[in-house]
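Input: a single structure, listed below in structure tokens.
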Amino acid sequence: MQQNGATGARVVGAALVVGGGIAGMQAALDLAESGIQVYLLEKSPWIGGRMAQLDKTFPTNDCAMCIMSPRLVECSRHHNIQIISNADVVSLTGEAGDFTATIRKRARYVDEAKCTGCGICIAKCPWKTDSEFNLGLSKRKAIYTPFAQAVPNVPFIDTDLCMYFKRGTCKACVMFCELGAIDLGQQDQYMELEVGAVILAPGSDIYDAGLSEEFGFGRYPNVLTSLQFERLLSAAGPTQGSILRPSDGVEPRKIAWFQCVGSRDQEHPYCSAVCCMYATKEAMLAKEHLPPGAEFTIFLMDLRAFGKGFDAYFQRAQEEGIRYVRCRASALTEVPGSKSLLLQYENERGELLTEEFDMVALSVGMTAPKGVSELAAATGVALNSFGFGDSSPSTPLETSRPGVYLCGTFRGPKDIPDSVTEASGAAGEVQRLLASGRGTLVSPKEFPAEMSQVGEEPRVGVFVCHCGSNIAGVVDVEEVARRARELPGVVYTDHVMFACSTDSLKAMREAIVEHRLNRVVMASCSPRTHEPLFQENVREVGLNPYLYEMANIRDQCSWVHGDRHDEATDKARKLVAMAVARSCHLEPLYKLPQGLSDRALVVGGGVAGMTAALSLAEQGFPVVLVERESQLGGLLLEHDTLSSGRDSREQVSQLVERVQANQNVEVLTDSQVVSSIGFVGNFKTRVASRSDPTQRLVEHGVTIIATGGREYRGDEHLLGQHPGVVTMGDLEKALKSDDPRLRQAKRIVVIQCVGPWDEQPFYCSRVCCTVTMKNILRLKEINPSCQVVVLYKDIRTYGAREEMYTEARRAGAIFVRYTDDDQPVVQAAGEALEVSFTEPSLGERLTLAADLLVSSNALVPSAGAEELSRVFKVPLGREGFFQEAHSKLRPVDFASDGAFLCGVAHYPKSVEEAIIQGKAAAARACRVISQDELMVGGVVASVEEEKCTACLTCVRICPYNVPIIRDGVAIIEAAACQGCGICVGECPAKAIQLLHYRDDQVLAKIEGLVELMAAGSVAR
Amino acid sequence: MSYAFYPGCALSASALPYGMSFREVARALGMDIPELEDWNCCGATCFQTLDEVSAISLSGRNLALTERSGSQELVTPCSGCFAALEKANQHLAHDSLLRTQAAAALSEAGLSYGGSVRVRHLLDVMVKDVGLDAIKEKVTQPLTGLKVACYYGCLLTRPHAIARDAHPEYPVSMDRLMAVLGAEALDWSYKTQCCGASLALARPDMVTRLTTRILDNAREVGADVVVAACPLCQTNLDAYQGEHAVNGSQENKTIPIVYFTELMGLAFGLSPRALGFDKHFRDPAPALRSHSLVI
Amino acid sequence: MEGRYGAQVALCYQCKRCTAGCPVADAMDIRPHQVVRLLQLGNTERVLESSAIWTCVGCYLCAARCPQGVPVTDLMYSLKGIAMKRGMMPKQATVPAFLRAFSGTVERYGRLHELPMLAGFYLSTDLREALKHRAMGLQLFRQGRLHILGERHRGGKAVRAMLRKARSRKGSP
Amino acid sequence: MSTNGFEPQIVAFCCHYCASAAADLAGSMRLRYPPNILVIKLMCTGRIDLLHILRAFEGGVDGVMVAGCLEGNCHFISGNTQAKRRVQYAKQVLESIGVGGERLEMFNLSSSEGPRFAKIATEMTERIRNLGPSPVSRQKKEVVK
Ligand SMILES: Cc1cc2nc3c(=O)[nH]c(=O)nc-3n(C[C@H](O)[C@H](O)[C@H](O)COP(=O)(O)OP(=O)(O)OC[C@H]3O[C@@H](n4cnc5c(N)ncnc54)[C@H](O)[C@@H]3O)c2cc1C
Ligand SMILES: Cc1cc2nc3c(=O)[nH]c(=O)nc-3n(C[C@H](O)[C@H](O)[C@H](O)COP(=O)(O)OP(=O)(O)OC[C@H]3O[C@@H](n4cnc5c(N)ncnc54)[C@H](O)[C@@H]3O)c2cc1C
Ligand code: SF4
Ligand code: SF4
Ligand code: SF4
Ligand code: SF4
Ligand code: SF4
Ligand code: SF4
Ligand code: SF4
Ligand code: SF4
């Protein structure tokens, strides 16, 4: 426990994260890594949330499970995270820094401490019902886990279905569970947690498609929700990735998606922000899954491709033949017999058609999560009118209750990257609040000193696990153990019922000591889930964790060869021989502490950069903020009001004041970065000032790039040639200076999406649609009779911004869509202008006189971004904005360690989003600089200097720009190396080895196999 | 609860079987539901077009009469009347300008309206107030094997704000009623598609297209009869069946349209003649007989 | 028009859902969403000249499903009314004729009597049309479903007085 | 079971994040594939070296597969594309030394593609079975005999 220096109040170094979706997991991990004890509370029996149900994710088509399951595992094994699943928050008392949360952990009827997740109970349970996870497309048992990678990997008993709870009989699960983990008498438990802060991340639900009865969901078997469609696409889903019509199991030839089901209507006046993109994704994936010739149509209003890379994705979809029809579907009728579906619609040419589809997916919107009002009441936070969590635009991650934060789709509809960003941002808020309590409640596990194994002959111990009957039911475990004794180096073998049970772990430790084992091979399950546990176990008796090796004879043997006992036993023997052979080549590896600077360098002093700088400075980290201009503020200095209704001057001046008042921030205006060297924890960067010729050398542990952007200025639509043509930025200035032209104008025409699209492919600047709405409302305030006509391609007022679009229409603005092939034409007409365009609904050319033409110009990257990208060796994306490490799960990190990005430097975004990203970047940076030392080493590449010819091959090929050539040899900094081994295979001089995966260590596996085959005792 | 019955203009004329069967069934159920005295035309959609205040006054007069008679609920068997009366009722409650204008007109007829009346559709009264259990008790000849397509038409559930049906796009009350009678109510896609009745005279060309679409689907899902809850729908669907208006004789291309009250009566074992089964364009008798229903 | 429905018309974002659901859109010269668009653009004349407003069967599907709550059906009704008041007749004048026959009968009798209404309608349009339907009429008559003269309605007079008053209010012809 | 009584030995170099996760998933889903496949897990297929492949064949293995993340989705950004290049090269080498390039194949799959892993394993086994024992292992057998 820690006293808060300023107020003397107690600060508890622990946090409660409510909701175990991707946002909750991200927040938990960021906090845990920065030394805060985390309770991750999840309402359902398992964490994972919505993302676990998705197949792939736009716009990269990354497999959702691939990128998420490592996080699941990380949460489950992190020392500073305790997952409390199947639980609710009952109440929250106390105040920021010192809360007491009362939690009810509902009975699961399975003892989490005993269960190994073997699944036998599930197989034996006789009762089935529709699977919620697969949305009724498959069945699950009364005792079940929703998906294979579930965390915790412990089943749950549905008492509504279980015969024991309904009739008092059955107990099949109890009988078959070999570990006695089933506890039908389990009771709800209440617990009180002391935490300093709370993050709410309970996500969202999807709109109940059954309410839109006109589409027949629930009546017409071939009408699905988009989420059901995700399950159909999933290789691990109910149809193993085949798209089949529920009515007859036949592959559909024509599929339609209906957009905005349960969004953008009177009851749901917001846009759900993800469905345009996920429908595009589902259509593209469906195309991959179905034979050629199948047709895919998306019926929509506006295509909301407002995020980074989204337009390119949409472009690709169109090239692949996905058809988009601009018509909101009205209703479906089912064809009796074929159960296909008939849709009447009007196409862009004004033709009224009736078309038959084999399958229809409803792109359901997001709604507030079920039970949200109870959660709000228990935690004392306010909800907004849609039922989502409420917050103010200038403090977007704070709820109405101090010390309680929010993130993810609970804060409003959004996609995974935005959810993850917010989660990191919320973690940043908590880090700041609990800075003085950091590290007080977490204690790194202490291990005994390692015994020296150097130079000793290998003494291998092999432990073969029965996993109850999971392995032993197929593989002759005893035979495997016995024959392992014959392998070179093996001095001890044993077979155990459940290797991961507490008793077995202890027995194993004793055997290591007793038999002086210096290598351990576990023949059991997947290293993905169990390696950390076993590694820790060997460490407890002083064995280096890298001297441990695993043979997966369950997931990759007994489970897939259940019908071939002999072959499976042979295969298990081979796997064990291979593991033993490699283990003899293993060497202890040590992660070594390396000192680091806790200073952050922030480049760019706009709202994003200032927010990031403040976040860190307020936690006590020194920050150097480099701004090229003479004053801080960036784009914000030019605006009038903000879309949030706030005065931008106020917002800027408050921020600037706070920055300048903070002792920990050193602001270098009129300055630029000229060079930078080093690696995570130890960067050295030179900054040159315009006024002072001497360059400053800044030593820093992390770098945050926040260089923002600027409004594009071209000559489209007579910009610069006619005084009546201005950009949206100019209009803002005119509003600010109360330009009389605005009060006199009779008609103002606005053209959206103007940019350098002759030179580069179109990307959406994300803010301009909302900015247009903001300014229409401002214009209508000062000049109510002025007609405003907006020519647009798509209106992209995503999320709650949709309400501003509605307001702008209510105020009388008229919106007319144009297309790339039929652009508006602007001509001078004396003082005034003439704009002609095609009105698509009427199919007619209209010409309007306008007093002012406002061009909504694109946001483009700041000048000098390329140079910075070279200086810091961080990449730019195709639009010229900086490129993050992973667009889904690492949205504010660069691929190379220690560098982060935020704000418009990443992609155009609103002030609110820039603030969130600034906080997120700070939180990610804090993970690094909050440590006293960095532990470096382990699985990293290492160069044998004598062999290296300085050919630069590794320098060129490393995706993380790690190797550098110094004094004629390649240097690979262990702190920066990611351990992929790409350079190793490429080095012509064979001068690089990847530790733990050295050539001899990889080859040993092959040798082990070859020798066993040569011995002739296994079938080949 | 005291009801007044508003038959609407068609019940004693083209919709004779509806009126007959309603009275028979009401008697069998012991319902007390006297006809509103001196009622006048609700104005239908015609007056809404011509003049909104007139429309509201016409309906308003019926509401005022109901109020004066001491009844709280005005029950009508016609969806068109239901929509017109209830719309007027709501406008009178919420639109102060219309309320003043209509009040002036009503006073000319010696009436005033305080807004206390609830407008109900007969189907709703049967299902909710009489109740399916009470109806089930009266069934002596279950309609076993009879496949029916329940047709609700447009104005029974629309505009949503007026009708306030829990399932505006896919109503189920009549289906549940039919199930209680022993019939099999089929799922089909045209329950609430408009048949075009309001343009039956003026645009028979268009109306035929609408009815054909509806009836084709009913036949394709295997319906023996279509059940209606509105005189306009019944007459329109019965009269305009494909290009074979009225005396088109292709048996297989036609389908009888009956009132839900007729089927109730039949299931109650009442005399088919008294129910008006003989007063249709397409004779329902063969379809009913094919399921061994006495008729 | 602008007065009563203007605010709702402004909300239309041209999603075409009204048209997509309209059972008679294919028979319209301008479709429901176009009607709303023209009203937004202030081009009421073109709407009044259209046949669309006369084709609408008043099924309320458009209005019921409009995500912005634009009362398209009520617009159609009012537009017909305005057109009739201005004497703007569609090429196929059957709908206004029907409306007149209907309202005439109701004004006379207080209730709708089918025979006088039919007579009024066919007399003002095309008697040959009536002949086409004579079989139907005959059958109705035989079944006792068509009365030569309806029962007298006591309230007829009161209704007439009321309607006179309703129409005499300021602003209505 | 086998057409010619020959059971090939196949080694699969799988990356940690996708291919070997998919293999685990195939297990969780209790799918079936022939036991001829032995997985060697690497962090990234980018670690694969011509040497590893050649040594496997030299040791008498009949087929080798390399399986990594989907293209464009490598956990290590570009490891799988490097692997693809190296596998292409190794195929040429195998061809030229008479082992045959078709005994080596590169696959890309996501971690949720358990069924696809099983399918690939089955097809690869079938392919090698049809090719018969590798010339090296045939030689070895003869030596032993
Ligand atoms: C069909 C569909 C497809 C999509 N496709 C994509 C895509 O391709 N790319 C993309 O970026 N995004 C996509 N999304 C959006 C994406 O799913 C979300 O952005 C993301 O999952 C949000 O994560 P979250 O953590 O905020 O919420 P969730 O994933 O909803 O997690 C919330 C968690 O909180 C738990 N919880 C709820 N209430 C409580 C409570 N009271 N107490 C404790 N715990 C609680 C829930 O059980 C859940 O585990 C898609 C969404 C849908 C519906
Ligand atoms: C016309 C218009 C209207 C807008 N209206 C709104 C609105 O109403 N609401 C809203 O939420 N958002 C609005 N925005 C968006 C808003 O301006 C941005 O979200 C926000 O300002 C981004 O802040 P930033 O810190 O990321 O970038 P910036 O504000 O661009 O700041 C970047 C800073 O970095 C500095 N810099 C650049 N390169 C270097 C370098 N190499 N070295 C050192 N310093 C460097 C720049 O000088 C600048 O000070 C609008 C944008 C425009 C164009
Ligand atoms: S059988 Fe026992 S150990 Fe296995 S999953 Fe079920 S509860 Fe857990
Ligand atoms: S007791 Fe319940 S959960 Fe256990 S096997 Fe029986 S039904 Fe399934
Ligand atoms: S416009 Fe918005 S609500 Fe509609 S489908 Fe697209 S993202 Fe979803
Ligand atoms: S105007 Fe701006 S926000 Fe709107 S679609 Fe175009 S680029 Fe995107
Ligand atoms: S590739 Fe090898 S030889 Fe070439 S510089 Fe790198 S380490 Fe040295
Ligand atoms: S192992 Fe990977 S990250 Fe490390 S230096 Fe080599 S290529 Fe770069
Ligand atoms: S449905 Fe409504 S919003 Fe859409 S086009 Fe029609 S009137 Fe406009
Ligand atoms: S009310 Fe008229 S315009 Fe609307 S859907 Fe029905 S027929 Fe079409």
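Since the model is a prediction, treat every value here as computed from it, not as a measurement. Just so it is clear: chains get the letters A, B, ... in the order the sequence lines come, proteins before strands, and each one is counted from 1.
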For residues C:Thr73 and B:Arg158, determine if any side-chain heavy atom of one lies less than 4.5 Å from a side-chain heavy atom of the other. no

Answer yes or no: are there more than 12 heavy-atom neighbours, outside B:Glu37 itself, under 6.0 Å from its atom CD? no

C:Ala161, part contacting chain B, at a heavy-atom distance under 4.5 Å: both

Looking only at heavy atoms, the pair that brings B:Ser57 and C:Ala166 closest together is OG-CB, 3.8 Å

OG1 of C:Thr55 to CE of B:Met206: how many Å apart, nearest 0.5 Å? 5.0 Å

By side chain to side chain donor-acceptor pair (under 3.5 Å), which residues pair with C:Tyr77, not counting sequence neighbours? none

Residues forming a side chain to side chain donor-acceptor pair (under 3.5 Å) with B:Arg273, sequence neighbours excluded: B:Asp278

Partners meeting side chain to side chain contact (heavy atoms under 4.5 Å, CB included) with B:Ala93 (sequence neighbours left out): none

Determine whether B:Val53 and C:Lys165 satisfy the following criterion, side chain to side chain contact (heavy atoms under 4.5 Å, CB included), listing intermediate values before the conclusion. CA-CA 9 Å; B:Val53 180; C:Lys165 177 73 188 172; over 6 Å; no

Let me know if B:Asn62 has heavy atoms under 4.5 Å from chain C in its side chain, its backbone, both or neither. neither

Please state whether the side chain, the backbone, both or neither of B:Ile214 comes within less than 4.5 Å of a heavy atom of chain C. neither

Any chance you could measure C:Lys80, atom NZ, to B:Thr49, atom OG1, to the nearest 0.5 Å? 5.0 Å

Report, by ascending residue number, the residues of residues 16-24 of chain C in heavy-atom contact with chain B at a distance under 4.5 Å; give 'none' if the set is empty. C:Pro23, C:Val24

So for B:Leu210, is it side chain, backbone, both, or neither that comes closer than 4.5 Å to the heavy atoms of chain C? side chain

Would you compute the distance between atom CG of C:Leu163 and atom CZ of B:Arg61 and round it to the nearest 0.5 angstrom? 10.0 Å

B:Pro168 versus chain C, heavy atoms under 4.5 Å apart: side chain, backbone, both or neither? neither

Contact leader toward chain C among B:Leu111, B:Leu16, B:Leu58, B:Leu106, where contacts are heavy-atom pairs under 4.5 Å: B:Leu58

Between the NZ atom in C:Lys85 and the CG atom in B:Asp51, the distance rounded to the nearest 0.5 Å is 5.0 Å

Which heavy atom of B:Cys154 sits nearest to which heavy atom of C:Cys59, and what is that distance? CB-O, 3.4 Å

Measure C:Arg65 against the heavy atoms of chain B and call it side chain, backbone, both or neither at under 4.5 Å. side chain

